[in-house]
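Bear in mind the structure is a predicted one, so any value in this text is a computation, not a measurement.
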Amino acid sequence: MIGAGPYGLSAAAHLRAAGMEPRVFGRTMEFWRERMPTRMMLRSITEASHISDPGHELTLDRYADAAELSLPDPIPIGDFIAYGEWFERHALRQVDPRRVVNVRAAAGGFAAELDDGETVTARRVVVAAGLEPFGWMPPELAALPPGTVSHSSEHTTFDRFAGRRVLVLGGGQSAVESAALLAEASADVEVVVRAPEVRWLAPGALKQRSELLHRVMYPPSDVGPPGLNWLVFFPRLWRLLPERQRTWVAYRCVRPAAAVWLRPRLTGATIGTSRSIAAVAAANGGLRVQLDDGTERHVDHLLAATGFRVDVSRYGFLDSGLLRSLRLVDGYPVLRPGFESSVPGLHFLGAAAAPSFGPIMRFVAGTRYAAPALARAVAGRP
């Protein structure tokens, strides 16, 4: 198992319950700890944020009871990281913090080289390595001077931007929350949104009014608008859709949007909609940004909250021979039931599985299906 985030931890727990002892490599919740803001809040509601375990005993609620906490809503990322560490202690025997630096085909399966030089062999390899290498920025930003532009996933705090002019590019949760955190760090912030408006989500609002109606309209996943949310909640149904319909449904379920509880925190930020960057260049130690409406901005930094584009060939640990054998479409592996790729014994979980099993795989809620499906396939059970 490569990766010890929610998908890696959940898959390992289900594999153990199926009678296997998977070896998990990576630091527990590393991406959440080192590539997300420390003051971030989870957009998903508590019901959609449980990491799946075989007995349904290691939920967020159980963690809160054990830690004698009253978890707020929305959930602070620090509490979710602590929950992941608690899950690991109770579900697994051990996570090996060493990194896998190379995986190649070998007799009877695979050989994995670790960062200390040791090589281990396995019949199967499960890649649950997350989004770290997939942060995407528009190509026109690539040639800008170092220190003047960054991706939103590069920051855990924004204190260094106090008193500086920062332009945030994007209209989703990451962009809007980064703008709020920048404003709270005393930065001069403007958000440039290509869409005509920011789409605001009110997760859990219906539940506060009617528990029954909420259960009818929303599955325990919090992914997608009513109607489509039930479709993507069942990956087997998703796999029956024609490709064209899957593309449309996926877009509707994961298009840029931000939680409405961020709005009161944006009083120190300016948001401009129906705008995009026409040109950008270095100027006087900062950047001169021209927008498509003809106006210009002189800023100290440009923060690209432009999301992630999965391309598993960018996982540095996959050997070139394995990559040549993988069937990929737009960087995503084509997966069979059990999350198995075109290379027998090589499985992919999380966002890399989204085209094959639906947009729910981009969220923690997807562990509910992915982990038991993987365990059944590995154990040879229908």
**Asked** What are the two closest heavy atoms between P196 and S274, and how far apart are they?
**Response**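 Answer, listing the atom of P196 first, then S274: CA-OG, 3.1 Å.
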What I want to find out is whether [X] reaches [Y] closely enough, with some N-O distance under 4.0 Å, to be called a salt bridge.
X: R35; Y: E30; result: no
X: R16; Y: E21; result: yes
X: E85; Y: R33; result: yes
X: R124; Y: E340; result: yes
X: R165; Y: D300; result: yes
X: E184; Y: R39; result: yes

**Residue pair R23 / V120, side-chain heavy-atom distance below 4.5 Å** =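 Side chain of R23 against side chain of V120, heavy atoms only: contact under 4.5 Å found.
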**Asked** Among pairs that include at least one residue of residues 226-267, which meet ring-ring contact (aromatic ring centres under 6.0 Å, His included), considering only residues two or more places apart or in two chains?
**Response**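 Checked against ring-ring contact (aromatic ring centres under 6.0 Å, His included) - neighbours excluded - the pairs reaching residues 226-267 are W230-F233.
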**Asked** Which residue pairs satisfy the ring-ring contact (aromatic ring centres under 6.0 Å, His included) criterion with at least one member in residues 159-180, sequence neighbours excluded?
**Response**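 Residue pairs passing ring-ring contact (aromatic ring centres under 6.0 Å, His included), neighbours aside: H155-F161, F161-H301.
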**Item:** Any side-chain donor near an acceptor of the partner, T295 and R297, under 3.5 Å
**Value:**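 Side chains of T295 and R297: pair found under 3.5 Å.
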**Request:** Examine the side chains of S174 and S152 and answer whether a donor and an acceptor come within less than 3.5 Å of each other.
**Result:**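 Judged by distance alone, the side chains do pair up.
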**Asked** Just how far is it from atom CG of L322 to atom OG of S313, taken to the nearest 0.5 Å?
**Response**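 If I round to the nearest 0.5 Å, the distance is 12.5 Å.
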**Request:** Hey, could you give me the CE/CZ distance between M361 and F339, rounded to the nearest 0.5 Å?
**Result:**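 Nearest 0.5 Å value for the CE-CZ distance: 4.0 Å.
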**Request:** Establish, for the pair R239 and F357, whether the NZ or CZ atom is under 6.0 angstrom from the six-membered ring centre and no further than 45 degrees off its axis.
**Result:**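 The answer is yes, since R239 meets both limits relative to F357.
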**Item:** ring pair (Phe, Tyr, Trp, His ring centres under 6.0 Å) involving H90 - partner list, sequence neighbours excluded
**Value:**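 W86.
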